[in-house]
Amino acid sequence: MSLENKLFTHPFQKIVTNKNGDLLFALIKDTFQVYSLTKDFQKIFEFKDSLPQIIEKEIETTKVDDDGKTIKKKKKKSSNYQPNKHQLENYEFLRAISLSKNEQQVYIISDFEKSVIIFNITYEEKEIRFDFFKKQSFPKRPNCLTSFEENLYIGDKFGDVYHIKNNDASVIKPEEMKPILGHVGLLTNVEHLQDESGKNYLLSVDRDEHLKLSHLPQSFILNKFIFGHKEFISTLVVLDSYLISAGGDDFIMVSNWKTGEVLDKYNYLDLIKDDDIVEKIHNALPRFQKEGQDTIREFCISQLFHNTKDNKIIAIIEGVSKIFVFDFENGKLVLNKTTKIDDTILSVANGPESEEASLIYNTNNQSETGHLIGFVKSDYTCNNGKTKAFNNALQSQNNDFKDFVVTNEDFDLCPIYFNHNLRKHADVFP
Amino acid sequence: MKFQKTNDERKEYRDIRDSTRSQLKFVKNANEVIKSTTPEATTKIFNPEKVLVELPKKRFYRQRAHANIFSDKSAPYPVDPKEMDWSKLYPAYYDEGKKEMTKKVTIADIGCGYGGLLAELAPVFPKDLILGMEIRMQVTSYVEDRIIALRAQHSENDINKDKKHYQNISVLRGNAMKFMNNFFEKGQLEKIFFMFPDPCFKKKKFKARIISNTLLSEYAHCLKEGGIIYTITDVEDLHIWMRTHLEEHPLFERLDEEWEKNDPSCQIMFNATEEGQKVERNKGSKWTACFRRLPNPEII
């Protein structure tokens, strides 16, 4: 069904839960929402981000013409600057969300003013309070972040990584910021790592297949590159010495980040069946198709997730309505189970601590029977009852859901498929 | 029309060179290939005799001075330095029996332009493999043709006797700013040259400058302890920029004028290359700065 004919509610583009799985932190378009997953699914907090009021500079000139009439001319400040569609207000959105390890803070990457927003979370006896702490702007659009104690490391779309303190409320001017390390290419992920002797590292990941490990705080010392990927890398999971990473490649790579050794490459293309294919997402753009040959399809992994409850690795293939569950032993991935979901799944997060809901996921909400958020039981079957209850609660609490109605895909829907656009179609050395 | 004639002439010249290059590019000694070529195969397009006797003419390879280093399609690169096939670039240093290279590249000229420095360095460092990296396609082709011709003209010289043989220089098209570490292993290089880099004058373009504090960490990774970074430019602002960033970087220390005077590479860099000679002709100034790679401090 085409989007133009259907009014539908904007999906949650990103979700995160806390370790207990009783709080859901979600991003929907330009709004950050928090729901309780235990108390009747109440909405606890909401924050809508926006641009500051722009005062347009107009220069007024007065001129007397030949007839003696005064002509007032309004001139806008001359500039060649033309905002593109990504910079239009209604196209900007909240890009990513993450919780600090102690769950005292939540970090949101916002397109508005290219910033990171920090909220402090206070857990009181009867309620949970969210206090705005600061909004720090950056020279270029931030794209990913990781936190460690009081340190926050932010990677941007230009390839630079910045370091700020999360306990310092002062805001630095973007033009005065200096990167601590950098790539020449879009950063898709940064991750703080620590080895058994307590030494700290920053793993920065870019669109040019680099997994770069630098020391912290001596970020000018590069420890190593981990090679092996041939396409962009978009997601990773670190388990002790193991690094599981994936993206535009047709495999999920397992390596040892301490030695740099590649241990396994799990090819996932066989998992995708014919009826999983969504042509709009999986067909390569027409200019990459070859005439008279089979359609070229492109797949990527949009998320790898470690379920701490049963130590399983969950993989989400972009645009495929299935959850793939893997056992991970001795550096090898073995498929355990596949769960079919009604809608195209965007990502998964930790669910409440119970048999009834081990995982929680968000979808693109485009099908007739669609739902925004769903629950998966600990045996990886869908919990339809809970899913229904939660989505009903969502509807009843959001009277203003009309803010999130999508009528025009280009303008009202924030780009929820972030990853397959990262493919470069470039040459690799023979 | 004059322009029309030049264009036709250029096209013909390029066609001959292109087809000849494609056959001789990865060959150790072009003379041997030519001896085995029958006269019938020598067409107007494949004309090795001409190519080998004459060095290529620069005017047929001109290309604008700037390249977009952020472009994804700018140049190919290996997935891993271990997978890089150097035997094609340095066929004289490939051991057929053991199926491995007898030497590794230790000197890199980043943005080598027309390859003037490579040709000068080749006889000075006969025991080192020297690689030029250039992002512009036409310019890289020029250097390839130049090396084919130089190797053929000096083919009777013996590699083992440290004579001018030009088997130890090569060139490849690559984006060093993005993929330097895809070509070289940790600590592999002894010298890196940055000669007359694109000044990227606009403030907005500073990230595209080849020296920056973030990229220096990557260069330091593939440079061994005690290795040298050489910089030279005719733009004072850029000189100050490069010098300041290198001085601020904890893994580099500046070398003094006395050192520069006594270092043969620095002297060659200052006097020999095309860009340098052009500056001299125009009576411009040249600024150099050389830096030594310090050992990594103790990891905290």
Side-chain angles (χ1 to χ4, degrees), chain A residues 139-140 155-162 175 178-187 195 197-202 204 206-232 249 253 255 260 262 422-430, chain B residues 26 68-86 88-89 172-187 203-204 206-210 212-223 245 248-252 294-300:
Chain A
K140 298 283 166 190
D156 70 19
K157 295 195 87 172
F158 214 36
D160 289 325
V161 179
Y162 295 91
E175 55 271 24
K178 268 197 160 173
I180 58 159
L181 65 98
H183 298 225
V184 184
L186 186 152
L187 285 172
D195 67 13
S197 62
K199 291 199 166 56
N200 294 300
Y201 303 85
L202 191 77
S204 46
D206 71 17
R207 188 189 177 190
D208 300 314
E209 310 97 43
H210 291 128
L211 287 159
K212 177 162 114 174
L213 192 68
S214 312
H215 288 276
L216 283 178
Q218 295 150 303
S219 58
F220 53 88
I221 307 175
L222 237 148
N223 183 284
K224 67 171 74 64
F225 284 90
I226 300 159
F227 294 105
H229 281 287
K230 293 175 178 164
E231 285 290 343
F232 69 88
D249 281 312
M253 188 169 96
S255 54
V262 176
L422 293 173
R423 196 177 296 275
K424 294 191 296 189
H425 298 101
D427 310 330
V428 175
F429 224 59
Chain B
F26 299 131
N68 177 11
I69 54 111
F70 299 111
S71 163
D72 297 320
K73 296 197 173 159
S74 51
Y77 53 92
V79 172
D80 184 324
K82 288 189 199 87
E83 287 180 23
M84 180 67 200
D85 183 5
W86 295 106
K88 282 182 175 171
L89 297 178
L172 61 80
R173 196 164 78 85
N175 181 343
M177 289 174 68
K178 266 188 185 225
F179 300 113
M180 185 88 159
N181 285 286
N182 286 55
F183 289 99
F184 307 115
E185 289 165 15
K186 186 176 188 169
K203 189 160 192 287
K204 223 178 147 183
F206 282 2
K207 167 113 183 165
R209 285 184 167 173
I210 200 148
S212 65
N213 56 350
T214 56
L215 277 173
L216 280 174
S217 305
E218 299 209 356
Y219 303 147
H221 184 69
C222 54
L223 199 59
H245 278 82
E248 281 173 2
H249 200 281
L251 297 181
F252 291 100
L294 296 170
N296 283 347
E298 196 190 335
I299 307 287
I300 307 171

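Chain A is the first sequence line, chain B the second, and so forth, proteins listed ahead of strands; every chain is numbered from 1. This one's a predicted model, so the numbers in the text were calculated from it and none came from an experiment.
Of the atoms belonging to A:Leu186, not a single heavy atom falls under 4.5 Å from chain B. Looking at A:Asp206, there are no atoms closer than 4.5 Å to chain B (heavy atoms on both sides), in backbone or side chain. Only the side chain of B:Leu215 comes within less than 4.5 Å of a heavy atom in chain A; its backbone stays farther off.
Here CE of B:Met180 is found 10.5 Å from CZ of A:Phe225. Values are rounded to the nearest 0.5 Å. Separation of atoms OG1 (B:Thr214) and NZ (A:Lys178) is listed at 11.0 Å; rounding is to 0.5 Å.
When each of B:Glu218, B:Lys186, B:Met177 is checked for heavy-atom pairs under 4.5 Å with chain A, B:Glu218 comes out on top. Heavy-atom pairs under 4.5 Å with chain A peak, among B:Asn213, B:Ile299, B:Asn296, B:Asn181, at B:Ile299.
No salt bridge links B:Glu185 with A:Lys224; every basic N to acidic carboxylate O contact stays at or beyond 4.0 Å.
For the pair A:Gln218 (side chain) and B:Ile300 (backbone), a donor-acceptor distance under 3.5 Å is present.
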Inset, instruction - Begin with the C-alpha distance, continue with both residues' side-chain angles, and end with the deciding distance and a verdict on side-chain contact (heavy atoms from CB on, under 4.5 Å) for B:His221 and A:Phe220. - result: CA-CA 9 Å; B:His221 184 69; A:Phe220 53 88; over 6 Å; no

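Nearest heavy-atom pair across B:Ser217 and A:Leu222 is O-CD1, 3.5 Å. Among all heavy-atom pairs drawn from A:Asp208 and B:Phe179, the shortest one is CB-CE2, 3.6 Å.
Residues A:Ile221 and B:Pro250 fail the side-chain proximity criterion, which asks for heavy atoms closer than 4.5 Å.
Side-chain polar atoms of A:His210 and B:Asn182 form a donor-acceptor pair below 3.5 angstrom.
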